Amino acid sequence: MVRAAVLPAVGSPLEITDIDLPEPGPGQVRVRLAAAGVCHSDLSLTDGTMRVPVPAVLGHEGAGTVVSVGEGVTHVAPGDGVVLNWAPSCGRCHACSLGEVWLCADALTGAGDVYATRSSDGSDLHPGLNVAAFAEETVVAARCVLPVPDGVPLIDAALLGCAVLTGYGAVHHAARVREGETVAVFGVGGVGLATLQAARIAGAPTIVAVDVSPEKEELARRAGATHYVVASENTAREIRALTGRQGVDVAVECVGRAVTIRTAWESTRRGGRTTVVGIGGKDQQVTFNALELFHWGRTLSGCVYGNADPAVDLPVLAGHVRAGRLDLGALVTDRITLDGIPAAFETMKAGKGGRALVVF
Ligand SMILES: [Zn+2]
Ligand SMILES: [Zn+2]
């Protein structure tokens with residue numbers, strides 16, 4: 001029996017309750033969580049913006065220690081530190097064969113499975129986003145665990161599983177920021193802070209952070225922002241003024257709202273690139289007229305899990321951590337327990353704070 005945060009139904013508050021996990025079957029691994037980050041996608045699952053079968057144990061950004069492994073699992077062993085990968089690729093589908101593992105057609109297999117039961121009544125539970133990290137322990141498919149690279153503390157490693165992989169990948173894979181290019185980052189939450197640090201690693205001389213809250217300036221500057229803009233209807237104009245009236249080379253949108261996507265696009269120079277990382281709802285319609293698409297020659301692209309291959313990128317990120325270029329602790333503004341997750345959701349809804357990290 002372990003404690004877990006269960007979403008009983010879309011729109012219902014989380015329940016912190018005891019659950020029963022099975023021993024890992026063939027191809028499965030049981031992990032004791034060290035830490036789990038509270039990501040905006042967890043909130044999107046509670047309000048129905050994103051959907052998974054319920055009741056589900058949420059949490060998808062985690063790291064921990066392998067407790068036991070099922071038959072056929074050879075890449076990790078009990079006692080190993082692992083990062084959870086919520087979008088494990090199959091290696092066989094068309095996207096995987098092209099190396100675009102983040103778009104794997106089979107990545108979410110298992111989301112509909114029952115993986116645990118509620119201790120109170122024996123009812124079935126699903127793993128939200130495959131890994132169910134908001135629990136003291138979890139049982140996942142072997143391809144959902146990657147060894148923690150050397151030199152990264154286990155608790156900090158949790159952040160590599162979503163926020164950092166996403167922010168780093170948005171800059172280095174999706175937008176392909178080159179040294180000397182200017183970058184604007186919209187939304188200074190966990191992913192936004194990771195994106196700012198990634199822009200600094202890429203060698204961007206001007207990094208503009210944009211957020212609705214004036215209170216996040218210090219957090220943003222510590223992550224690498226050279227300028228801070230409080231979001232308003234003048235945001236695009238302010239960013240152009242900071243970049244010789246041109247606009248930035250690259251904008252990364254970490255909010256998922258139509259108005260922010262449109263502003264990010266308008267903040268880029270002619271020929272600039274905008275990468276949308278934020279996950280918005282179907283009601284968020286962004287419009288462009290045909291003439292401006294021609295005139296500005298800009299690129300707008302989506303980004304899934306940082307367009308990253310975790311197996312390749314985690315060792316690279318660890319290298320940046322060891323060299324002191326990537327500060328994982330700087331993303332965390334609140335260290336909480338499982339019981340603190342509902343309050344962390346409220347903080348997130350209010351647009352406050354960076355990453356809340358559940359430490360077990
Ligand atoms: Zn996430
Ligand atoms: Zn695949």
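The residues of the chain are indexed from 1 along the displayed sequence. What you see is a predicted model, and the numbers here were worked out from it, not measured in a lab. Note that ligands are numbered from 1 as they come in the structure, with each ligand's atoms numbered from 1 the same way.
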Using a 6.0 Å cut-off, check whether atom [atom1] of [X] has over 12 heavy atoms from anything other than its own residue.
{"X": "Arg322", "atom1": "CZ", "answer": "yes"}
{"X": "His295", "atom1": "NE2", "answer": "yes"}
{"X": "Asp18", "atom1": "CG", "answer": "yes"}

Cut-off under 2.8 Å, centre the Zn ion (ligand 1), protein N/O/S atoms: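 Hits for the Zn ion (ligand 1) below 2.8 Å: Cys39 SG, His60 NE2, Cys162 SG.
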
Does a side-chain N-to-carboxylate-O contact under 4.0 Å join [X] and [Y]?
{"X": "Arg32", "Y": "Glu136", "result": "no"}
{"X": "Arg118", "Y": "Asp20", "result": "no"}
{"X": "Glu215", "Y": "Lys352", "result": "no"}

side-chain hydrogen bond (donor to acceptor under 3.5 Å, both in side chains) partners of residues 257-273, not counting sequence neighbours, each pair once: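 Non-adjacent pairs meeting side-chain hydrogen bond (donor to acceptor under 3.5 Å, both in side chains): Glu181-Arg273, Asp249-Arg269, Arg262-Glu266, Arg262-Glu292, Thr268-Arg298.
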
Protein N, O or S atoms lying under 2.8 Å from the Zn ion (ligand 2), listed by chain and number: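 Checking every protein N, O and S atom gives Cys90 SG, Cys93 SG, Cys96 SG, Cys104 SG.
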
Rounded distance (nearest 0.5 Å) linking atom CZ of Phe186 with atom OG1 of Thr274: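 Here the rounded value is 8.0 Å.
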
Residues which pass salt bridge (Lys or Arg N to Asp or Glu O under 4.0 Å) with Asp42, listed by chain and number, not counting sequence neighbours: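 Once residues adjacent in sequence are excluded, Asp42 has no partner under the salt bridge (Lys or Arg N to Asp or Glu O under 4.0 Å) criterion.
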
